[in-house]
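Numbers for residues simply follow the sequence, beginning at 1. It should be emphasised that the depicted structure is a prediction, and the values quoted were computed from it without experimental measurement.
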Amino acid sequence: NELSWIDVFTGLSIATFFEGGRVEAGLLKKEWGSGDGVHVVDVINAPDYRYGIVDDPLAMKVAEPMLYTTIGWNKSSFDLFYKPMLIPMLSEEDPEGRWSMMSTDALTEQFAPLSFKIAIGNSPTTEELSQLSKYQFGARFKQTLGPFDLGVIYYNGYHYQPSYYVNNIDVDMLNPLGPSASATIDVDFTRAQLFGLEATFVTGPLTFMVEGGFWLSEDFKNEKPDKFNNRWVYLAGMGIMIPGTSVYASVTYNGHYIMDFNEFTMGTTTDIPVDTLQALLSSDGKGYLNTITAAIEVPLAREKVNIRLAGTYQIETQGFSLLPSVKWNISDDLVFKASGRVLGSIGEGSPSIFESWKDNSSAKLEIAYLF
């Protein structure tokens, strides 16, 4: 594959500090939210799914050009960012590629017994996404009150996930089950605002985490099938440092609920809403999706060795992923890591990225020298 700047730079920025805060500019990666590696209000960076799922949340972010400032006083802080362009979620470009999230097989299955030929139609160019009209900005205010950390978030920008919209389905009515059926899918993006909250509560060895938000779409009246509907997002999690040990475990439940959702019915050939189409590919055709994520970390040998096991399970699709790893800090500047990925679904499962990636289970050995 051709290398691009996102493959070379995971961060490149300059910063200046002033009393009580700092200003950064450049290619940045930031993280918002109280969840343990899983978030529903983390809107700053586009996700990167070109190489599947890994156990490093920052590695699955695209470093984006932005201006970011943080101001702190007493037990309060204020964060503000501005991005001059839209960088969408990155995924496998080939619909039949190893890490494709737009499985034409899954789409064809949903429209069975028709055998569709899928073609991508109109799609925004890089120049169009780089226009200043594609600006995005957001702000977060955080306050510490005893054992509570509370945050309020506002974001004005775009859904990073593109909207795949079926604008034309062509079926030979004389032979509807024949091979001539075809569909064209246009790609677009939906401007939206997020009103979010995050909270963390610590008591003894327990940490409780909550996130929630409401996405107000530009199509808030639900009149445009090619734009995402309004939706609610939510997360609740708990982490525990097991007393008498250095073992840490956590479990997180998160999901979303789409408002004014229209379920797909056979016979529909035009104006299939984007939420409906994507639900066919990712949430068993439902207007909601709920996921459980759990992880456990066991440090050994005076924390030179760290054993980790993380797993994700989607309730509606029965899809899952397991991410085991062992990291060994051989010395201050030499690190060895062995990791694996197991992806699939329970039983036959439903269309989802885990079902699409079920043949992509793998193991990896890494060695890094830090200088």
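Within 6.0 Å of the CH2 atom in Trp99, the count of heavy atoms belonging to other residues, nucleotides or ligands exceeds 12. The 12-atom threshold is not exceeded at NZ of Lys327, counting heavy atoms of other residues, nucleotides or ligands nearer than 6.0 Å. Environment of OH in Tyr248: crowded, with over 12 heavy atoms of neighbouring residues, nucleotides or ligands closer than 6.0 Å. Around atom CG of Leu145, more than 12 heavy atoms belonging to other residues, nucleotides or ligands sit under 6.0 Å away. Within a 6.0 Å radius of CZ in Phe220, no more than 12 heavy atoms belonging to other residues, nucleotides or ligands are found.
Salt bridge Glu92/Arg50: absent, no basic N to carboxylate O contact under 4.0 Å. Contact check on Glu24 versus Arg22 returns a salt bridge, with a Lys/Arg side-chain nitrogen under 4.0 Å from an Asp/Glu carboxylate oxygen. Under the 4.0 Å criterion applied to side-chain N and carboxylate O atoms, Lys134 and Glu128 are not assigned as salt-bridge partners. At a threshold of 4.0 Å, the pair Glu64-Lys30 does not count as salt-bridged, since none of the basic side-chain nitrogens sits closer than that to a carboxylate oxygen. Under 4.0 Å is where a charged nitrogen must lie from a carboxylate oxygen, and between Lys227 and Asp188 at least one such pair does.
Of the possible polar contacts, one joining the Asp219 side chain to the Lys224 backbone as a donor-acceptor pair under 3.5 Å is found. Checking side-chain atoms of Glu297 against main-chain N and O of Leu309 turns up no donor-acceptor pair under 3.5 Å. A donor-acceptor pair is defined here as one N or O able to donate and one able to accept, closer than 3.5 Å; no such pair exists between the side chain of Ser345 and the backbone of Glu355. With Lys83 contributing its side chain and Gly157 its backbone, the two residues share no donor-acceptor pair below 3.5 Å. Within the 3.5 Å criterion, the main-chain N or O of Val54 finds no donor-acceptor partner in the side chain of Arg341. When atom types are taken as modelled, the side chain of Asn254 and the backbone of Tyr234 share no donor-acceptor pair closer than 3.5 angstrom. Side-chain atoms of Asp48 never come within 3.5 Å of backbone atoms of Lys61 as a donor-acceptor pair (strictly under, hydrogens ignored). Panel note: side chain Thr70, backbone Gly21; no donor-acceptor pair is recorded below 3.5 Å. In this structure, Asn229 contributes its side chain and Ile258 its backbone to no donor-acceptor pair below 3.5 Å. A donor-acceptor pair under 3.5 Å is formed between the side chain of Ser361 and the backbone N or O of Leu343.
You'll find the side chain of Asp226 stays beyond 4.5 Å of the side chain of Asp186, heavy atoms only. Counting heavy atoms from C-beta on, the side chains of Tyr160 and Val62 never come closer than 4.5 Å. Looking at Gln318 and Ser350, their side chains never come closer than 4.5 Å, going by heavy atoms from C-beta outward. Within the 4.5 Å cutoff, no side-chain heavy atoms of Phe336 are placed close to those of Asn329. Using a 4.5 Å heavy-atom threshold, the side chains of Ser352 and Ser282 count as separate. Residues Val298 and Thr245 are not in side-chain contact: their nearest non-hydrogen atoms beyond the backbone lie 4.5 Å or more apart. No side-chain heavy atom of Leu129 sits under 4.5 Å from any side-chain heavy atom of Ile87. The shortest side-chain heavy-atom distance between Pro124 and Phe189 falls under the 4.5 Å cut-off.
In summary, the aromatic rings of Phe201 and Phe148 are positioned with their centroids under 6.0 Å apart.
A search for ring-ring contact (aromatic ring centres under 6.0 Å, His included) contacts involving Trp232 returns Phe214, not counting sequence neighbours.
If you take CD on Gln131 and CG on Leu86, they are separated by 11.0 Å, rounding to the nearest 0.5 Å. We find the CG-OG distance between Leu323 and Ser325 to be 8.0 Å, quoted to the nearest 0.5 Å. Atoms CG and CG, from Asn306 and Leu300 in turn, are 8.0 Å apart once rounded to the nearest 0.5 Å. Rounding to the nearest 0.5 Å places CD1 of Ile296 at 9.5 Å from OG of Ser250. Rounded to the nearest 0.5 Å, atoms NZ (Lys221) and CG (Asp260) are 13.0 Å apart. In this structure, Glu263 CD and Asp275 CG are separated by 12.5 Å, a value rounded to the nearest 0.5 Å.
Hydrophobic clustering, with ILVMFWY side chains joined whenever heavy atoms are under 4.5 angstrom apart, keeps Leu58 apart from Tyr68. Linking Ile, Leu, Val, Met, Phe, Trp and Tyr whenever their side-chain heavy atoms come within less than 4.5 Å puts Val8 and Leu27 in one cluster. At a threshold of 4.5 Å between side-chain heavy atoms, the hydrophobic network of Ile, Leu, Val, Met, Phe, Trp and Tyr places Val305 and Ile330 in one connected group. Criterion: ILVMFWY side-chain heavy atoms under 4.5 Å apart, direct or through other members. Under it, Val210 and Val233 are not part of a common hydrophobic cluster. Leu194 and Leu289 sit in two unconnected hydrophobic clusters of ILVMFWY residues. Membership requires side-chain heavy atoms under 4.5 Å apart, directly or through other members.
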Step by step, would you call Ser331 with Asp333 a side-chain hydrogen bond (donor to acceptor under 3.5 Å, both in side chains)? CA-CA 5 Å; Ser331 63; Asp333 49 13; 2.8 Å; yes
Verify side chain to side chain contact (heavy atoms under 4.5 Å, CB included) between Lys142 and Ser76, making sure each step is shown before the conclusion. CA-CA 6 Å; Lys142 292 191 70 175; Ser76 304; over 6 Å; no
Verdict with reasoning, Asp56 to Lys337, per salt bridge (charged side-chain N to carboxylate O under 4.0 Å, His left out): CA-CA 13 Å; Asp56 182 357; Lys337 183 177 180 180; over 6 Å; no
Starting from the C-alpha separation in whole Å, work towards a yes-or-no answer on side chain to side chain contact (heavy atoms under 4.5 Å, CB included) for Val274 and Phe228. CA-CA 6 Å; Val274 55; Phe228 287 116; 3.9 Å; yes
CA sep, side-chain torsions, deciding dist, call: Phe78, Thr69, side chain to side chain contact (heavy atoms under 4.5 Å, CB included): CA-CA 8 Å; Phe78 179 76; Thr69 184; 5.8 Å; no
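Across every non-hydrogen atom of Glu31 and Pro57, the tightest pair is OE2-CB, 4.4 Å. Here the closest non-hydrogen pair linking Thr317 and Ser283 is CG2-CA, 3.8 Å. The shortest non-hydrogen separation linking Val40 to Gly212 is CG2-N, 4.4 Å. Between Thr312 and Thr291, the shortest heavy-atom contact is CG2-CG2, 3.3 Å. Nearest heavy atoms, Pro243 versus Pro205: CG-CG, 4.3 Å. The two atoms that bring Ala192 and Ser217 nearest to each other are CB-CA, 4.0 Å, heavy atoms only.
Ring geometry, Trp32 versus Phe81: the interplanar angle exceeds 60°, so the pair is classed perpendicular (tilted spans 30 to 60°).
The list of side chain to side chain donor-acceptor pair (under 3.5 Å) pairs with a residue in residues 206-215, not counting sequence neighbours, reads His39-Glu211. For residues 145-156, the pairs satisfying side chain to side chain donor-acceptor pair (under 3.5 Å) are Gln136-Tyr155, Thr144-Asp149, Tyr154-Asn156, Tyr154-Gln193, Asn156-Arg191, with sequence neighbours left out.
With Asn290 as the fixed residue, the side-chain hydrogen bond (donor to acceptor under 3.5 Å, both in side chains) test singles out one of Tyr257, Tyr253, Tyr313: Tyr253.
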